[in-house]
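Everything below concerns the one structure shown next.
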Protein chains: 2
Amino acid sequence: MNIGEAGQATRLPVKTLRYYEQIGLVRPLRQNNGYRDYSQKDVYKLRFLQRARSLGFTIEDCRLLLSLYEDDTRTSRQVKQVATRHLEEIERKITHLESLRGTLQQLIKDCHGDHRPDCPILEGLSKADKV
Amino acid sequence: MNIGEAGQATRLPVKTLRYYEQIGLVRPLRQNNGYRDYSQKDVYKLRFLQRARSLGFTIEDCRLLLSLYEDDTRTSRQVKQVATRHLEEIERKITHLESLRGTLQQLIKDCHGDHRPDCPILEGLSKADKV
DNA sequence: GTGGGCGTTCCAGTAGATGGAAGGTCAAGA
DNA sequence: TCTTGACCTTCCATCTACTGGAACGCCCAC
């Protein structure tokens, strides 16, 4: 399967497939003309990657998950641990963003947003005790 | 004021101050020996940047906010618009992360996480209809 | 044979720093 | 006076996860 077909089959950009080969995630064989030749197994791995990435796992987590996926002797504990770490990271990010949101909402609420130059947002940014 | 003092005064890493000069955010004068010479105004600008960055504004937003901050003819509407755009972006990110969190929580909940190899997380990643 | 749509490689750029190498400057102490 | 150490300088590389583009090769249909 050429790279274009593999891209369509996985809904991943062709550029991304080349990148994944470059970093050793999915290494297709080559045809005689030098074109990449994606096997069905390669496509499964790419789909796996596509879903793991869309859940926000880093490339290195994906590499690990893929190796667990292909390892018959894995334990579900190992997998769960990777996912749990990732979930915790996401929760940290949410907490952080919610805090930023709260501060911004307050600043925006206080700003009349008209033609005049005085602005609580800029004041908040220029004085620590106002943020 | 040397760069080290400016770093302490703003709680920004020295490397960051050099970077901000490089991208034209805060350009201190130079002493005779070539050392950077941060003025009080530079320090104010750096503090402003530090707070805007910690609220998650991009560097380009910071550049804009800084120019509004220094512009007597600005309107608070302009400032509010920048902040509102940023708030919307943060809300988008929160929504996205919350969705990831929900999916991950479900997968993790379903995984027994013991010594056995069968694992709903890997199954979820390998089959679209399970995610 | 030629045009267009594939494919290839390699290099550069994104955001926002951060790390490190190689070397210059300065003040204090022996 | 010399040296030590803390500071400063520039420049280059690295990180994440791609993405864009140039320059070129391959293949099929007309």
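Naming convention: chains lettered A, B, ... in sequence-line order (proteins, then strands); numbering from 1 in each chain.
When the side-chain nitrogen and oxygen atoms of A:Thr16 are compared with OP1 and OP2 of D:dT19, one or more of them lie within a distance under 4.0 Å.
If you measure from atom CD of A:Gln22 to atom P of C:dA12, you get 14 Å, rounded to the nearest angstrom. Atom CD1 in B:Ile3 sits about 17 Å away from atom P in C:dT25, given to the nearest Å. One interatomic measurement links the two molecules: CE of A:Met1 to C1' of C:dC6, which rounds to 16 Å at whole-angstrom precision. If you measure from atom CG of B:Leu49 to atom C1' of C:dA17, you get 14 Å, rounded to the nearest angstrom. Between the CD atom of B:Gln8 and the P atom of D:dC7 there is a distance of 9 Å, rounded to whole Å. The distance from atom CD of A:Glu21 to atom C1' of C:dT9 is 11 Å, rounded to the nearest whole Å. C:dG16 atom P lies 14 Å from atom CG of B:Leu12, rounded to whole Å.
The side-chain hydrogen bond (donor to acceptor under 3.5 Å, both in side chains) analysis of residues 38-47 of chain A, with sequence neighbours excluded, yields the pairs A:Ser39-A:Asp42. Within the structure, ring pair (Phe, Tyr, Trp, His ring centres under 6.0 Å) pairs that include any residue of residues 96-125 of chain A do not occur (at least two apart or interchain).
Taking the C1' atoms of five terminal pairs at each end of the helix from C:dG1-D:dC30 to C:dA30-D:dT1, the two resulting helix axes are inclined by 40°, rounded to 10°.
For B:Arg11, the CZ atom sits in a loose shell: 12 or fewer heavy atoms of surrounding residues, nucleotides or ligands are nearer than 6.0 Å.
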Worked check of side chain to side chain contact (heavy atoms under 4.5 Å, CB included) between B:Lys80 and B:Arg77: CA-CA 5 Å; B:Lys80 190 166 185 169; B:Arg77 194 198 321 274; 5.7 Å; no
CA sep, side-chain torsions, deciding dist, call: B:Ser76, A:Asp114, side chain to side chain contact (heavy atoms under 4.5 Å, CB included): CA-CA 6 Å; B:Ser76 64; A:Asp114 60 14; 3.3 Å; yes
Stepwise side chain to side chain contact (heavy atoms under 4.5 Å, CB included) test for A:Arg63 and A:Ile23: CA-CA 10 Å; A:Arg63 199 189 295 278; A:Ile23 63 174; 4.1 Å; yes
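Nucleotides of DNA chain C nearest to B:Lys15 and B:Arg53 differ in position, and the one nearer the 5' end is that of B:Arg53. Position along DNA chain D of the nearest nucleotide to B:Asn2 versus A:Pro13 favours B:Asn2 as the more 5'-ward residue.
When each of C:dA17, D:dG21, C:dT8 is scored by its nearest atom to the side-chain atoms of B:Tyr20, the top-ranked nucleotide is C:dA17. In the set D:dC18, D:dT9, C:dT18, D:dT9 carries the atom at the smallest distance from any side-chain atom of B:Arg18.
For residues 57-66 of chain A, proximity to DNA chain D is found at A:Thr58, A:Ile59, defined as any non-hydrogen atom under 4.0 angstrom from a strand atom. For the contact set between residues 31-40 of chain B and DNA chain D, defined by any heavy atom under 4.0 Å, the members are B:Gly34, B:Tyr35, B:Arg36.
Counting any heavy atom pair closer than 4.0 Å across all strands shown, B:Ile23 reaches no nucleic acid atom.
With B:Gln81 contributing its side chain and B:Gln78 its backbone, the two residues share no donor-acceptor pair below 3.5 Å.
Expressed to the nearest 0.5 Å, how far CD of B:Gln8 lies from CD1 of B:Ile3 amounts to 12.0 Å.
Under the ring pair (Phe, Tyr, Trp, His ring centres under 6.0 Å) criterion, B:Phe48 pairs with B:Tyr69, sequence neighbours left out.
When each of A:Arg27, A:Lys15, A:Arg36 is paired with A:Glu21, the salt bridge (charged side-chain N to carboxylate O under 4.0 Å, His left out) condition holds for A:Arg36 and for no other.
For the pair B:Val43 and B:Glu5, the minimum side-chain heavy-atom distance is 4.5 Å or more. Side-chain atoms of B:Arg85 and B:Asp61, non-hydrogen and from C-beta on, do get closer than 4.5 Å to each other.
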